[in-house]
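One structure below.
Keep in mind that this is a model prediction, so the values were computed, not measured. Computed over heavy atoms, backbone and side chain alike; hydrogens, waters and symmetry mates excluded. Numbered from 1 within each chain, the chains take letters A, B, ... in sequence-line order.
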Number of protein chains: 2
Amino acid sequence: MKITINDVARAAGVSASTVSRVISDSPKISEKTKERVRKVIEELGYHPNAIARSLANQSSKTIGLILNTEAETLVRNPFFIQAMTGISQYAQEQGYNVMFAYNKSEDGDLDIAVRYVNSGSVDGIILFTSRTNDKCIDFLMKSNFPFSVIGRPDHTEGVLWVDNDNFQATYQVTNHLIMKGHKRIAFLGGPRDHNVSRDRFEGYKAAMTVHGYSIDRNLTFLEGSFSEEFGSKCMSEILSAHKNGAELPTAIVTSDDMQALGVLKAMRKMNVSDVAVTGFNNMPVSLYKNESFTSVDVNASQLGFCAAKLLIGRIEGIADLPAHYIVPAEIVEVEPLY
Amino acid sequence: MKITINDVARAAGVSASTVSRVISDSPKISEKTKERVRKVIEELGYHPNAIARSLANQSSKTIGLILNTEAETLVRNPFFIQAMTGISQYAQEQGYNVMFAYNKSEDGDLDIAVRYVNSGSVDGIILFTSRTNDKCIDFLMKSNFPFSVIGRPDHTEGVLWVDNDNFQATYQVTNHLIMKGHKRIAFLGGPRDHNVSRDRFEGYKAAMTVHGYSIDRNLTFLEGSFSEEFGSKCMSEILSAHKNGAELPTAIVTSDDMQALGVLKAMRKMNVSDVAVTGFNNMPVSLYKNESFTSVDVNASQLGFCAAKLLIGRIEGIADLPAHYIVPAEIVEVEPLY
DNA sequence: TCATATTATGCAAGCGATTGCATAAGTATT
DNA sequence: AATACTTATGCAATCGCTTGCATAATATGA
């Protein structure tokens with residue numbers, strides 16, 4: 001049978017209240033009693049019951065994660081698991097548990113959020129932005145339930161979020177290409193309803209504009225998806241336009257490594273290799289010797305860490321909490337096998 | 001303020017016990033009352049408090065995952081996140097939550113297991129086998145705490161586990177190569193203290209032996225690690241031995257896709273491409289046109305699903321529960337770009 | 001109609017902690 | 001030594017739900 005606080009109390013000849021106060025190191029208990037009780041706790045191998053504690057404290061000391069990403073993405077893009085490790089690390093530091101629920105069904109994320117909130121099994125929620133999360137955000141706002149978002153949401157008023165400066169990152173990576181002498185640079189965007197898509201496009205546009213380079217409508221592919229297929233599709237279009245006389249770009253800025261991989265694959269198929277490609281997430285990608293690939297490491301684990309920090313800050317009612325964190329991204333030159 | 005069972009009871013003009021019994025659909029309550037109470041529940045938007053429930057039921061309806069894998073592996077090998085989605089799916093079906101904790105420190109996994117067990121915050125634990133898990137297993141066995149293991153542990157008596165038939169899988173993949181005409185086949189193993197390493201080696205050995213092919217000591221690399229480095233290192237050795245006159249193998253059976261990737265990279269460096277390579281896990285790997293790569297898809301999500309099934313079965317005291325599941329693995333021919 | 005069996009509901013004691021308030025013990029002040 | 005003031009501890013209610021047992025209500029049978 002499990003040892004309870006009462007067993008300890010009895011063994012130490014004090015009341016349960018005293019034991020409770022010893023555990024929380026309350027200043028109202030004398031050192032002498034503390035010592036004695038601590039010894040008994042040690043001897044009996046007592047450990048407070050987290051659930052009873054939660055009930056009494058009206059706080060579960062748990063945060064919930066909602067993963068409603070498609071399995072394919074979840075599995076191939078290390079972003080999520082990296083973010084999860086970051087979240088877990090900060091949570092552990094603060095004595096919080098982390099729950100997650102994966103669901104493939106559309107709208108399932110809302111169901112999970114509702115369940116989390118209503119059952120009281122978590123004190124707060126971390127969302128990964130995605131097209132369907134807005135419903136979640138609305139719901140959580142309305143419920144006045146603590147949450148934070150990885151990725152800048154549409155409406156940021158009153159929302160805690162963490163993200164990279166996607167404008168800046170794309171600006172830099174584009175600029176990086178320009179410095180290398182590229183002038184004709186294509187762009188592949190993400191889903192239209194993601195802020196990240198807009199920001200990355202604007203960053204690309206700004207860098208091009210600053211240097212006085214024009215943006216070729218035929219080389220900008222907006223409203224895409226963060227997938228290999230989209231990358232391949234766009235590159236195929238570029239290549240077939242080239243067959244019909246259009247000038248080939250010398251570089252392509254994509255919004256995701258999966259896209260970039262698609263682009264590279266399309267190039268390989270057509271035996272084209274002198275186009276520099278950039279992506280986001282620093283996924284493991286094997287490069288041919290004559291390929292040039294640059295990725296932006298978004299520092300996913302740090303994003304997770306900060307999201308947890310914001311959320312737990314909010315839960316514990318920390319004053320002057322920042323409303324968001326911008327996590328620095330890093331440009332990574334991926335080396336081909338010589 | 002949150003609505004409690006008492007609010008419902010009051011509003012419906014019944015006692016809390018009745019409401020509780022309506023929720024659990026007890027046959028002791030008349031249909032008439034059930035209807036009435038349900039209506040009130042609906043109207044008030046009542047949702048039972050999971051924590052209070054847990055306390056009363058002495059069960060948290062939560063399972064804990066211990067991830068003590070190195071960050072590098074966790075991130076690059078989709079195995080873990082896939083297994084996690086499988087676990088989450090079965091858990092959700094059964095009304096269980098899933099908690100996870102990531103820790104990088106050596107031995108941290110034991111700490112987490114101890115915390116999980118003592119605090120009563122989970123009803124059971126799923127372990128991913130790894131060299132340090134034996135301590136965890138010992139601890140959990142001693143505590144008589146429900147757990148299941150992904151990967152066959154050393155001592156299986158009284159342990160619930162799921163795994164592929166690694167012997168069989170490696171036998172098949174080796175056989176597959178032999179059928180294609182390969183005779184001189186190298187083997188790369190995993191860490192010595194993993195059962196999986198032994199099984200895979202035995203599978204390879206058996207297939208070779210059955211066909212009467214000898215096993216060249218210089219082509220079997222045991223006591224390795226599931227890493228790219230190890231793969232590269234072994235292949236480099238093979239290649240330099242070749243420079244000194246040794247015959248090159250025509251195929252290499254590895255125990256992990258990361259190893260296989262290392263092998264491929266070493267080959268690419270040396271401009272060797274006519275060696276067939278096999279791996280495990282069906283990781284995304286980009287292939288050169290003239291490379292041949294076969295992977296074994298271990299069906300990680302199914303492994304997770306089954307691990308959850310065993311664990312929850314154990315928690316709920318299901319009779320005649322199997323002690324383990326063998327999940328079928330599938331040989332996947334990875335296509336090079338066209 | 002009354003005794004008896006059956007069914008539906010409520011009471012109250014848990015589950016294992018926390019905490020405001022009351023009180024006992026100890027210390028200081030005069 | 002009596003009073004006032006701290007300081008240390010305990011009592012008992014509370015958190016929200018579950019469940020064994022008692023009991024009230026209803027149905028059955030003679």
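Here dC15(C) presents its P atom at 19 Å from CG of N49(B), a figure rounded to the nearest Å. With rounding to whole Å, K34(A) atom NZ is found 13 Å from dT9(D) atom C1'. The CD atom of E31(A) sits 10 Å away from the P atom of dT9(D) (whole-angstrom rounding). If you take NE2 of H47(A) and P of dG16(C), they are 15 Å apart, rounded to a whole angstrom. Rounded to a whole Å, the CD1 atom of I51(A) is 13 Å from the C1' atom of dC17(D). In this structure, L55(B) atom CG and dG14(C) atom P are separated by 14 Å, rounded to whole Å. Protein atom NZ of K32(B) is 8 Å distant from nucleotide atom P of dT9(C), rounded to whole Å. Residue K61(B) contributes atom NZ, which lies 15 Å from atom C1' of dC17(D) at whole-angstrom precision.
Distances were taken from every side-chain heavy atom of S30(A) (C-beta onward) to each of dA8(D), dC15(D), dC15(C); the shortest belongs to dA8(D). Among the nucleotides dA17(C), dT9(C), dT9(D), the one closest to any side-chain atom of T33(A) is dT9(D). With distances taken from any side-chain atom of N57(A) to the nucleotides dT18(C), dG16(C), dG16(D), the minimum falls on dT18(C).
For dG16(C), one of the phosphate oxygens OP1 or OP2 lies less than 4.0 angstrom from a side-chain nitrogen or oxygen of Q58(B).
F80(B) and F128(B) have tilted rings, their planes meeting at an angle from 30° to 60° on a 0 to 90° scale.
If K28(B) and A56(B) are placed on DNA chain D by their nearest nucleotide, the residue sitting closer to the 5' end is A56(B).
No side-chain heavy atom of H324(A) sits under 4.5 Å from any side-chain heavy atom of D163(A).
At the heavy-atom level, S54(A) lies nowhere under 4.0 Å from the strands shown.
We find that D7(A) and K2(A) are not joined by a salt bridge, their nearest charged nitrogen and carboxylate oxygen being 4.0 Å or further apart. Ion pairing between R38(B) and D25(B) holds under the 4.0 Å rule for side-chain N and carboxylate O.
Listed in residue order, the members of residues 4-25 of chain B having a heavy atom less than 4.0 Å from DNA chain D are T4(B), I5(B), S17(B), S20(B), R21(B).
For S20(A) and S17(A), the side-chain atoms include no donor-acceptor pair closer than 3.5 Å. Counted by atom type alone, S26(B) and S24(B) present zero donor-acceptor pairs between their side chains at under 3.5 Å. S88(B) and Q92(B) form a side-chain donor-acceptor contact under 3.5 Å, judged by distance and modelled atom types alone.
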